[in-house]
Number of protein chains: 4
Amino acid sequence: MTLAPLNDEQLHQIRDERKDQIIAAALNVFARRGIIGTKMSMIAAEAGISHGLLYHYFKSKEELFNTLVQGAMIESQAAMRSLYDLPGSAIDKIRALTEEILDDRGAPYFMLIHQARTSDGVPEKARQLVEQYSMKTFVDHLLPLFTEGQQAGEIAPGNLEHLIASYLSVLSGLMVLNTQEDSAYRKPEIDVLLRMVTGR
Amino acid sequence: MTLAPLNDEQLHQIRDERKDQIIAAALNVFARRGIIGTKMSMIAAEAGISHGLLYHYFKSKEELFNTLVQGAMIESQAAMRSLYDLPGSAIDKIRALTEEILDDRGAPYFMLIHQARTSDGVPEKARQLVEQYSMKTFVDHLLPLFTEGQQAGEIAPGNLEHLIASYLSVLSGLMVLNTQEDSAYRKPEIDVLLRMVTGR
Amino acid sequence: MTLAPLNDEQLHQIRDERKDQIIAAALNVFARRGIIGTKMSMIAAEAGISHGLLYHYFKSKEELFNTLVQGAMIESQAAMRSLYDLPGSAIDKIRALTEEILDDRGAPYFMLIHQARTSDGVPEKARQLVEQYSMKTFVDHLLPLFTEGQQAGEIAPGNLEHLIASYLSVLSGLMVLNTQEDSAYRKPEIDVLLRMVTGR
Amino acid sequence: MTLAPLNDEQLHQIRDERKDQIIAAALNVFARRGIIGTKMSMIAAEAGISHGLLYHYFKSKEELFNTLVQGAMIESQAAMRSLYDLPGSAIDKIRALTEEILDDRGAPYFMLIHQARTSDGVPEKARQLVEQYSMKTFVDHLLPLFTEGQQAGEIAPGNLEHLIASYLSVLSGLMVLNTQEDSAYRKPEIDVLLRMVTGR
DNA sequence: AATGAATGAGAATTCATTCAT
DNA sequence: CATGAATGAATTCTCATTCAT
């Protein structure tokens with residue numbers, strides 16, 4: 001009786017599953033402990049595999065980190081684009097955006113990008129990736145929406161680019177704080193945050 | 001030929017100066033690079049001494065970190081107490097507090113405390129220190145001030161403990177983001193931040 | 001649906017072909033990169049099979065290396081024996097031997113034996129194999145031929161055992177140098193080399 | 001009582017001694033086992049120090065290897081230059097050169113250069129270094145000497161560049177073989193080797 | 001027979017800490 | 001008090017080998 005080797009599709013599926021499993025594990029660990037504080041053995045343990053296998057799927061810690069950052073950037077772009085399809089007034093959309101950003105499920109991505117921006121030992125490629133999608137990109141993206149809201153009287157008067165950058169910074173700061181589950185910090189109510197924008 | 005040995009007081013003074021020098025250096029480096037990312041040799045270099053000498057003054061990296069955290073906690077307590085001596089209405093004092101917190105000179109202390117709260121590799125003792133002075137301590141401390149402001153109509157209605165914790169979290173988040181000098185983030189105008197509190 | 005299983009003879013033939021294929025690949029790679037520098041995956045790639053399959057045919061890297069060395073020893077014995085069937089005078093035969101040794105096709109075998117003699121990480125068994133067929137074996141084998149040549153006045157006077165060992169060492173050295181294709185070294189003309197033997 | 005730290009000169013001396021000690025140890029081990037076969041721990045053991053200290057003096061295995069190759073190249077240049085100061089005829093000088101090259105003390109250097117030329121895992125810089133001093137350099141250097149000898153009838157007629165390259169290759173091959181102390185190979189008598197050159 | 005996923009021992013390198021001077 | 005040489009534990013990564021399919 002001959003046992004055929006796994007066919008291409010099966011192998012491909014195993015590979016994909018393992019890769020996803022590793023990526024999920026790595027995202028958690030990197031987000032929590034930073035790139036230096038993360039040991040490959042921690043990721044392997046979290047993923048439930050041997051550290052040797054990690055290197056079967058990712059050439060190095062750097063490559064793994066880069067892959068994660070790339071994924072995070074794509075996610076955040078998608079979130080930004082989805083704004084347009086929402087119903088309601090400008091301020092409704094901004095509220096939805098705020099909720100989306102503060103959603104805990106996105107927190108690891110946030111931390112990852114934050115670390116790629118600010119930590120030591122970040123691979124050059126990851127650094128370039130996050131620079132591409134700088135704060136300015138987001139501000140430009142949101143400017144039409146905020147302008148519309150300001151004209152409708154929903155948003156406080158004043159320089160909108162500054163306001164948007166400030167608001168996003170506040171949200172980012174909160175996400176960075178909230179990564180730790182037993183955080184001493186408190187995530188504000190959406191309405192309280194929106195006062196910064198509306199002035200009311 | 002050896003000069004007459006220094007007397008006790010002189011030695012003591014040298015010791016204290018050296019210690020301060022090391023503490024200042026360590027604060028900078030730890031704040032910027034975190035406890036894991038900071039190598040003893042970096043601190044020695046920043047302080048302009050040999051790494052061997054570091055160990056004459058601090059038994060270990062841990063002890064040095066603990067000392068810094070202790071100092072940071074004392075500083076932040078002092079800042080909090082100084083609030084009472086300020087002139088003006090409640091909102092004036094809150095504005096002053098905000099300015100104080102966001103002042104760049106305090107940023108390293110903020111980062112340090114943040115790291116002591118959230119990073120790996122933090123000595124147990126440091127972790128206990130920051131827990132002692134939890135968010136709750138600060139909230140309790142500020143509650144009378146905010147209550148006064150709310151009664152005067154300067155502060156939005158609603159649960160004040162939540163509001164204070166939220167506001168402090170926002171400020172903390174901003175400080176954490178702003179440690180990196182070339183930060184992509186933007187520090188908001190004080191007035192914009194205060195809208196969260198005043199509701200106007 | 002599975003085809004009828006191959007009969008024993010067919011299986012045997014496949015086995016032998018595969019083995020030869022692997023041996024040829026391994027010889028090339030080991031000769032070029034040495035036993036430590038050769039990775040099993042390189043041999044698999046050169047043979048066009050998976051690295052897993054390698055272990056169906058050879059229990060380990062060691063066993064594979066031993067097999068190669070054994071083959072090389074047999075080859076070199078055969079070359080030595082074929083000397084006797086050659087036509088011509090003693091010096092003609094020595095010239096033919098020289099050509100045979102310096103032939104590039106034999107170079108991988110030479111390197112292999114050289115490595116078995118001199119490298120680290122060589123299995124004990126391979127080491128014993130090459131010791132069996134030591135320089136002395138070859139010298140003894142060639143002594144009658146050289147003696148005949150010396151008596152005929154074709155070969156310089158002096159101790160023949162030393163001369164033979166020296167000459168073989170020179171040839172060996174040249175083969176070892178010339179393994180690398182883009183070698184900076186130059187393979188001498190046969191006639192120039194023969195001067196060492198003839199003294200003319 | 002104050003113990004002054006070591007002064008600069010003492011430190012410098014310790015450093016130099018240690019470096020020499022490491023270089024001598026590394027030369028031996030690299031020559032015998034090649035760059036891949038050499039473990040840093042072996043060098044440390046041979047030098048009688050911890051592996052950590054190795055990295056105090058040389059940033060990496062690569063750097064250490066490069067340093068050795070550089071030294072070997074310098075040595076070989078010096079040997080070549082010293083030829084001119086020798087007394088006697090051309091053939092006397094060639095004999096002296098041969099003795100110099102075959103001297104066992106130079107063997108490790110020879111192996112090192114050979115390995116830098118032919119092994120895997122050789123740092124790019126080392127490879128460039130040895131390419132600079134190619135066979136051609138040596139041939140050009142020796143050409144005047146051999147021409148003089150040929151005109152004096154001490155050297156066989158024929159293309160001298162080929163002869164020189166061939167002769168050097170033979171010597172190199174012998175050195176490469178003879179690195180292993182218990183070598184099965186035999187180093188020929190100088191006079192026998194010189195027959196290749198003189199034709200007599 | 002054939003494949004490649006999976007494991008783990010081993011090697012290079014870093015860095016906190018100790019210690020002779 | 002001050003220096004930097006010295007050590008070794010911990011970490012990243014490689015590769016021979018095993019094994020399910």
Side-chain angles (χ1 to χ4, degrees), chain A residues 1-8 10-12 14-15 17-18 36 38-44 48-64, chain B residues 5-6 10-11 14-15 18 36 38-44 49-62 64, chain C residues 5-6 10-11 14-15 18 36 38-44 49-62 64, chain D residues 1-8 10-12 14-15 17-18 36-44 48-62 64:
Chain A
M1 181 80 116
T2 299
L3 274 180
L6 296 174
N7 64 36
D8 271 13
Q10 287 171 310
L11 282 175
H12 210 272
I14 290 180
R15 271 196 89 80
E17 277 173 20
R18 276 276 182 262
I36 308 182
T38 296
K39 314 296 166 208
M40 288 300 261
S41 56
M42 292 171 179
I43 297 174
I49 60 174
S50 72
H51 71 272
L53 191 55
L54 226 49
Y55 287 90
H56 215 71
Y57 290 94
F58 295 93
K59 213 165 60 243
S60 65
K61 193 171 165 177
E62 286 207 355
E63 190 191 292
L64 179 50
Chain B
L6 301 172
Q10 286 171 309
L11 281 176
I14 289 181
R15 238 195 121 74
R18 275 274 188 256
I36 309 183
T38 295
K39 309 183 195 336
M40 290 299 262
S41 59
M42 291 172 178
I43 298 173
I49 61 173
S50 74
H51 66 270
L53 190 52
L54 230 46
Y55 287 85
H56 270 273
Y57 293 95
F58 296 92
K59 203 159 72 254
S60 67
K61 194 172 166 179
E62 288 205 354
L64 179 48
Chain C
L6 299 175
Q10 286 171 311
L11 281 176
I14 291 182
R15 241 194 120 74
R18 276 274 187 255
I36 309 184
T38 294
K39 310 183 196 336
M40 289 300 261
S41 59
M42 291 173 179
I43 297 174
I49 61 174
S50 73
H51 67 271
L53 189 52
L54 231 46
Y55 286 86
H56 270 273
Y57 292 95
F58 296 93
K59 204 159 73 252
S60 67
K61 194 173 168 178
E62 287 206 355
L64 179 49
Chain D
M1 181 79 113
T2 298
L3 275 182
L6 296 175
N7 64 36
D8 271 11
Q10 287 170 309
L11 282 174
H12 211 272
I14 290 181
R15 272 195 88 79
E17 277 174 21
R18 274 273 181 265
I36 309 185
T38 295
K39 316 291 166 215
M40 290 300 262
S41 57
M42 292 172 181
I43 298 174
I49 61 174
S50 72
H51 69 270
L53 191 54
L54 226 48
Y55 288 89
H56 216 71
Y57 290 94
F58 295 93
K59 212 166 60 241
S60 66
K61 194 171 165 179
E62 286 207 356
L64 179 49

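Each chain gets a letter, A, B and so on, in the order the sequences are listed, and its residues count up from 1.
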5'-most contact on DNA chain E: B/Lys59 or C/Leu54, nearest heavy atom basis?
-> C/Leu54

Rounded to whole angstrom units, what separation is found between the [atom1] atom of [X] and the [atom2] atom of [N]?
{"X": "C/Leu53", "N": "F/dA16", "atom1": "CG", "atom2": "C1'", "value": "16 Å"}
{"X": "A/Lys39", "N": "F/dT12", "atom1": "NZ", "atom2": "P", "value": "5 Å"}
{"X": "D/Glu17", "N": "F/dG4", "atom1": "CD", "atom2": "P", "value": "18 Å"}
{"X": "A/Ile14", "N": "E/dA6", "atom1": "CD1", "atom2": "P", "value": "6 Å"}
{"X": "D/Met40", "N": "F/dT12", "atom1": "CE", "atom2": "P", "value": "20 Å"}
{"X": "A/Glu63", "N": "F/dT12", "atom1": "CD", "atom2": "C1'", "value": "15 Å"}
{"X": "D/His12", "N": "E/dT21", "atom1": "NE2", "atom2": "C1'", "value": "18 Å"}
{"X": "A/Ile49", "N": "F/dC19", "atom1": "CD1", "atom2": "P", "value": "19 Å"}

Just call it for C/Phe58: base, sugar-phosphate, or nothing, with non-hydrogen atoms closer than 4.0 Å on any strand.
->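 If one applies the 4.0 Å heavy-atom cut-off, C/Phe58 turns out to touch nothing in the nucleic acid.
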
Between D/Gly52 and C/Lys61, name the one whose nearest nucleotide on DNA chain F is closer to the 5' end.
->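 With D/Gly52 and C/Lys61 compared, the 5'-side residue is D/Gly52.
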
Using heavy atoms to find the nearest nucleotide of DNA chain F for D/His56 and C/Ser41 separately, return the residue whose nucleotide is more 5′.
-> D/His56

Does C/His51 get its side chain close enough to the base of E/dA2, under 3.5 Å, for a donor-acceptor pair?
-> no

Presence of D/Arg15 side-chain N/O under 4.0 Å of F/dA5 phosphate oxygens OP1/OP2 | yes

Under 4.0 Å: is that the gap between some side-chain N or O of B/Tyr55 and OP1 or OP2 of F/dA2?
->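 No, outside the criterion.
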
Do you know the tightest heavy-atom contact between D/Ser60 and D/Met40?
->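 Smallest interatomic distance, heavy atoms only, reads C-CE, 4.1 Å.
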
Heavy-atom pair with the smallest gap, counting every atom of C/His56 and C/Arg15 =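 The pair with the smallest heavy-atom distance is O-NH2, 3.3 Å.
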
From CZ (D/Arg18) to CG (D/Leu53), nearest 0.5 Å | 6.0 Å

Nearest-0.5 Å distance, NZ of residue A/Lys61 to OH of residue A/Tyr55 = 8.0 Å

Base-pairing mate for E/dT21 - Watson-Crick or G-U, with both contacts under 3.5 Å =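 E/dT21 is paired with F/dA2.
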
G-U wobble or Watson-Crick pairing nucleotide for E/dT13 (cut-off 3.5 Å, both distances) =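 WC or wobble partner is F/dA10.
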
Would you indicate which nucleotide in E/dA2, F/dA5, F/dC13 comes nearest to any side-chain atom of D/Tyr57?
-> F/dA5

Please examine the side chains of D/Ile49 and D/Ile43, heavy atoms only from C-beta on, and report whether any two atoms are closer than 4.5 Å.
->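 A side-chain contact under 4.5 Å is absent here.
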
